[in-house]
Amino acid sequence: MPKPKNNTARPPSAHGNEPSAQGSEPRYAAIKRHIRQQIESGQWPVHFRVPSENDLAREFEVSRMTARRALTELTDEGVLMRSQGLGTFVAEPVPAGSLLEVRNIADEISARGHSYSNRILLLQECAATADVARALGMPEGARVFHSVIVHCDNELPIQWEERFTNPALAPDYLQQDFSAITPNAYLSQVAPLTEADTTVEAVAAEPAISAALDIQSHSACLQIWRRTMSSAGAVSFARLVHPGNRYRLGAQLRF
């Protein structure tokens, strides 16, 4: 029987055509572009396990550092997600909130077919600072209810909510089981919303917020300041912080 020939040629790529740099495009950028193309074409669906750093480095003849940079940047951009000990996977599309509507985050998550959960970090009475008092239309030092809750989508933290609530309009706020009903849903029942002021800004996450959202310290985040009002007056003043790679805001205007 003839002896098999020794074939030293590299086997065909499991990823299709290898990325080639466009002009002066760095190799890590070419790999990123290739991965995006695989995802956008449907070849790599959501939750698909992408090649490891070593596999990419070997396949595309680059250093492991170059391959790592491509995967890290795509993870930071929300295209991929890493699971410790399991690998890197295609992430689900980043959820979008509305800039023009005040929605219950639990309903947003459920509408995507995902599981909502939360962690209650703080629920207490405190004295209103100057900023909080001004927002709620009460004297500085007045009694307010203070809550801090982390909202999760399929157990992944996507919102850190700090809220100051007017006791006159929601006297039973501290007695609520916020693991079963969100502050937004409860306040909509007891003090129906008639108006909201919203401000959006980009911030670097504080260490405490980074830890609560399971992101690196000073990561880019989307911060929303929102004051809600009912016919009886200002109901609550909230700060909502989202990891920049896990959330986006949108709006549709008709004229």
Hey, any chance Val50 and Leu56 share a hydrophobic cluster, counting ILVMFWY side chains that come within less than 4.5 Å of each other, even indirectly? yes
Within the distance-only criterion (no hydrogens, no angle test), does the side chain of Arg119 pair as donor or acceptor with the backbone N or O of Ala212 below 3.5 angstrom? yes
Residue Gln124 excluded, over 12 heavy atoms near CD under 6.0 Å: yes
When rounded to the nearest 0.5 angstrom, what distance separates CD1 in Ile120 from NE2 in His151? 9.5 Å
Once rounded to the nearest 0.5 Å, what's the spacing between atom CD1 of Ile31 and atom CD of Glu59? 10.0 Å
Has Gln216 got more than 12 heavy atoms of other residues, nucleotides or ligands less than 6.0 Å from its CD? no
Check: Phe178 ring centroid to Tyr173 ring centroid under 6.0 Å: yes
Return yes if some donor-acceptor pair links the side-chain N/O of Thr194 with the main-chain N/O of Met229 below 3.5 Å, else return no. yes
Please report the interatomic distance CZ(Arg226) to CD(Glu161), rounded to the nearest 0.5 Å. 10.0 Å
Residue Met138 excluded, over 12 heavy atoms near CE under 6.0 Å: yes
Are the side chains of Val200 and Ile224 in touch, meaning some heavy atoms are under 4.5 Å apart? yes
Do Thr129 and Phe164 touch side chain to side chain, with heavy atoms closer than 4.5 Å? no
Thr72 and Arg68: CA distance, side-chain angles, deciding distance, side chain to side chain contact (heavy atoms under 4.5 Å, CB included) verdict: CA-CA 6 Å; Thr72 298; Arg68 179 183 302 146; 3.8 Å; yes
If I take atom CD from residue Gln38 and atom CZ from residue Phe48, how far apart are they, to the nearest 0.5 angstrom? 8.0 Å
Contact check, side chains of Arg239 and Ile209, non-hydrogen atoms, under 4.5 Å: yes
Can a donor-acceptor pair be found between the side chains of Gln223 and Glu201 at a distance below 3.5 Å? yes
Measure the CZ-CG distance between Phe89 and Leu80 for me, rounded to the nearest 0.5 Å. 11.0 Å
Run Leu187 and Arg163 through side chain to side chain contact (heavy atoms under 4.5 Å, CB included) and show every step you take. CA-CA 11 Å; Leu187 293 175; Arg163 187 180 297 269; 3.9 Å; yes
When you check the gap from the basic side-chain N to the acidic O, do Arg82 and Glu53 get nearer than 4.0 Å? yes
Got a second to check how far Trp225's CH2 is from Arg227's CZ, nearest 0.5 Å? 13.0 Å
